[in-house]
> 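Next up is a structure, given as structure tokens.
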Amino acid sequence: LNPPHRGAVVALHPRSDSLLISGAHDGSLRVWDVAPHEGGTARCLYGLLGYKVWLGSIGADLDHLVSDGSDNCIIMHDFSEDASAGESGQDDMATDADDDDDD
């Protein structure tokens with residue numbers, strides 16, 4: 001698959017019959033069109049690069065793409081119509097409870 005990830009691929013998530021999402025330790029996510037094409041090669045449709053360190057896992061539904069990594073953060077990208085219309089246009093970010101200042 002081109003362009004290749006620069007780190008080990010650690011997560012794959014089938015999104016539909018023809019889409020596959022891959023995530024790698026280089027902090028990148030890619031959305032692939034894996035439907036049969038002339039030449040037989042999958043096409044990279046989107047790449048999200050450089051925003052995660054040691055990406056751990058990915059998940060997706062019809063409107064959201066969620067990833068986590070070694071920084072103990074979860075990042076959710078919202079691709080719903082409401083988000084694209086500007087009603088909830090920012091990505092949501094949540095950190096784990098260990099980041100609270102309870103000391």
Side-chain angles (χ1 to χ4, degrees):
L1 299 175
N2 285 311
H5 287 281
R6 293 183 181 170
V9 173
V10 295
L12 295 171
H13 183 83
R15 173 59 182 73
S16 68
D17 288 343
S18 63
L19 294 179
L20 177 70
I21 303 168
S22 61
H25 274 173
D26 64 358
S28 66
L29 292 170
R30 294 215 166 92
V31 179
W32 303 91
D33 178 359
V34 294
H37 293 96
E38 204 170 300
T41 305
R43 295 183 303 152
C44 182
L45 301 176
Y46 305 101
L48 302 170
L49 307 173
Y51 74 101
K52 292 293 290 181
V53 176
W54 286 91
L55 183 119
S57 62
I58 53 177
D61 65 13
L62 294 176
D63 295 322
H64 304 92
L65 175 60
V66 179
S67 65
D68 73 340
S70 64
D71 56 0
N72 294 324
C73 290
I74 297 171
I75 295 179
M76 181 180 71
H77 297 279
D78 185 348
F79 298 104
S80 66
E81 288 184 21
D82 290 342
S84 62
E87 292 180 23
S88 62
Q90 290 186 323
D91 295 343
D92 296 324
M93 179 184 260
T95 60
D96 69 7
D98 293 338
D99 290 340
D100 294 338
D101 290 329
D102 293 335
D103 298 314

> With the side chain counted from C-beta on, respond yes when I75 and V66 share a heavy-atom pair under 4.5 Å apart, and no when they do not.
no
> Roughly how far apart are D82 CG and D63 CG, rounded to 0.5 Å?
8.5 Å
> Roughly how far, to the nearest 0.5 Å, is the CZ atom of R30 from the CG atom of L20?
12.5 Å
> Do the non-hydrogen side-chain atoms of F79 and L65 ever get within less than 4.5 Å of each other?
yes
> Looking at residues at least two apart in the chain, or sitting in another chain, which of them share a side chain to side chain donor-acceptor pair (under 3.5 Å) with D33?
H37, R43
> Can you tell me how far apart CG (L55) and OG (S28) are? Round to the nearest 0.5 Å.
8.0 Å
> What's the separation between atom NE2 in H5 and atom CG in L29, rounded to the nearest 0.5 Å?
7.5 Å
> Can you list everything that forms a side chain to side chain donor-acceptor pair (under 3.5 Å) with S57? Sequence neighbours excluded, please.
D68
> Which pair of heavy atoms, one from S22 and one from V9, lies closest together, and at what distance?
CB-CG1, 4.4 Å
> Do S80 and H64 pair up side chain to side chain, a donor and an acceptor below 3.5 Å, judged on atom types alone?
no
> What residues form a side chain to side chain contact (heavy atoms under 4.5 Å, CB included) with R15, not counting sequence neighbours?
L19, I21, A60, L62
> Do the side chains of L48 and H77 get nearer than 4.5 Å, heavy atoms only?
yes
> So how far is it from S67 OG to I74 CD1, rounded to the nearest 0.5 Å?
9.0 Å
